[in-house]
Amino acid sequence: MKFRSYQFFYLLSVVLIVATLCSTLMQIIETNGATSELTNFKLIMSDSNVSFAPVALGVVLIVAGLVNIFAFIVAGFRNFELQKRVSVLGILLIIGYYLLLGIYAWVLSSASVALELPILFPFFVLVFNALAFFAARRTEAAILAKASGFRLRD
């Protein structure tokens, strides 16, 4: 079996999703200097209280990771139609993740926010899913062009 570029994009997407799940997204600095941390599953306040309200962020990322694993498996069978649909689903999940993150940031907008680097990882997952979509389309078109070139004419 030949390892294709879109399979590499899916694996890289899964790695980035796992890295995002395991890290802090932003530091929230209040006016009195106290800092809070927002992760994908909880908000740790400066007074050590923990709120599990942002658990939806982690759930969306877990589903996006499972979708990318499924797309990797489907890519091994060269089912291009399903692979393209799953890539679009992964793109929509990451867009939904950023919408949820924007809602949480808007709710916490009374304080200053310091973004961490892992907040960009889902954006790279979005780009890799788009690249995988176009790579699958290009490979499918090449296969169809090669197959139609060997037809017998009347």
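Values below: all heavy atoms of this structure, side chains included; hydrogens, waters and symmetry mates excluded.
Taking CZ of F41 as the reference point, atom SG of C22 lies at 8.5 Å (rounded to 0.5 Å). Note that OG of S13 and CZ of F124 are 11.5 Å apart. Values are rounded to the nearest 0.5 Å. To the nearest 0.5 Å, the span separating OG1 on T39 from CE on M26 amounts to 11.0 Å. The CD atom of Q27 sits 4.5 Å away from atom CD of E37, with the distance rounded to the nearest 0.5 Å. In this structure, CE on M45 lies 7.5 Å from CD on E30, to the nearest 0.5 angstrom. Rounding to the nearest 0.5 Å gives a distance of 10.5 Å between CG of L12 and CZ of F121.
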### Message
Between I28 and L43, does the side-chain contact (heavy atoms from CB on, under 4.5 Å) criterion hold? Intermediate values first, please.
### Response
CA-CA 10 Å; I28 302 157; L43 175 64; 3.7 Å; yes
### Message
If you apply the rule salt bridge (charged side-chain N to carboxylate O under 4.0 Å, His left out), what do you find for E140 with K84, and how did you get there?
### Response
CA-CA 10 Å; E140 180 184 24; K84 290 188 293 187; 2.8 Å; yes
### Message
What verdict does the side-chain contact (heavy atoms from CB on, under 4.5 Å) test give for T24 and L38, after you've listed the backbone C-alpha separation in whole Å, the side-chain angles of each residue and the deciding distance to 0.1 Å?
### Response
CA-CA 6 Å; T24 301; L38 177 69; 6.0 Å; no
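Taking the six-membered ring where the residue is Trp, Y6 and F80 present perpendicular rings, their angle passing 60° and hence far from 30°.
Counting heavy atoms from C-beta outward, L131 and F134 have side chains that stay 4.5 Å or more apart. Within the 4.5 Å cutoff, side-chain heavy atoms of F128 are placed close to those of L16.
Both V113 and L120 are members of a single hydrophobic cluster when ILVMFWY side chains are connected at heavy-atom separations under 4.5 Å. A single hydrophobic cluster is seen to contain both V127 and L117, as judged by linkage of ILVMFWY side chains at heavy-atom distances under 4.5 Å, directly or through other members.
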Table please: side-chain donor-acceptor pairs of residues 85-96 below 3.5 Å, with sequence neighbours left out.
unit_1, atom_1, unit_2, atom_2, d
S87, OG, Y10, OH, 2.4
S87, OG, Q83, O, 3.0

Give every donor-acceptor pair under 3.5 Å between a side-chain atom in residues 48-72 and any protein atom, sequence neighbours left out.
unit_1, atom_1, unit_2, atom_2, d
N49, ND2, D47, OD2, 3.2
S51, OG, A53, N, 3.4
N68, ND2, A64, O, 3.2

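The shortest non-hydrogen separation linking S23 to P118 is OG-CB, 3.0 Å.
Side chains of Y97 and N40: a donor on one and an acceptor on the other come within 3.5 Å.
By the neighbour-count criterion of 12 heavy atoms within 6.0 Å, atom CZ of F8 is sparsely surrounded, having that number or fewer from other residues, nucleotides or ligands.
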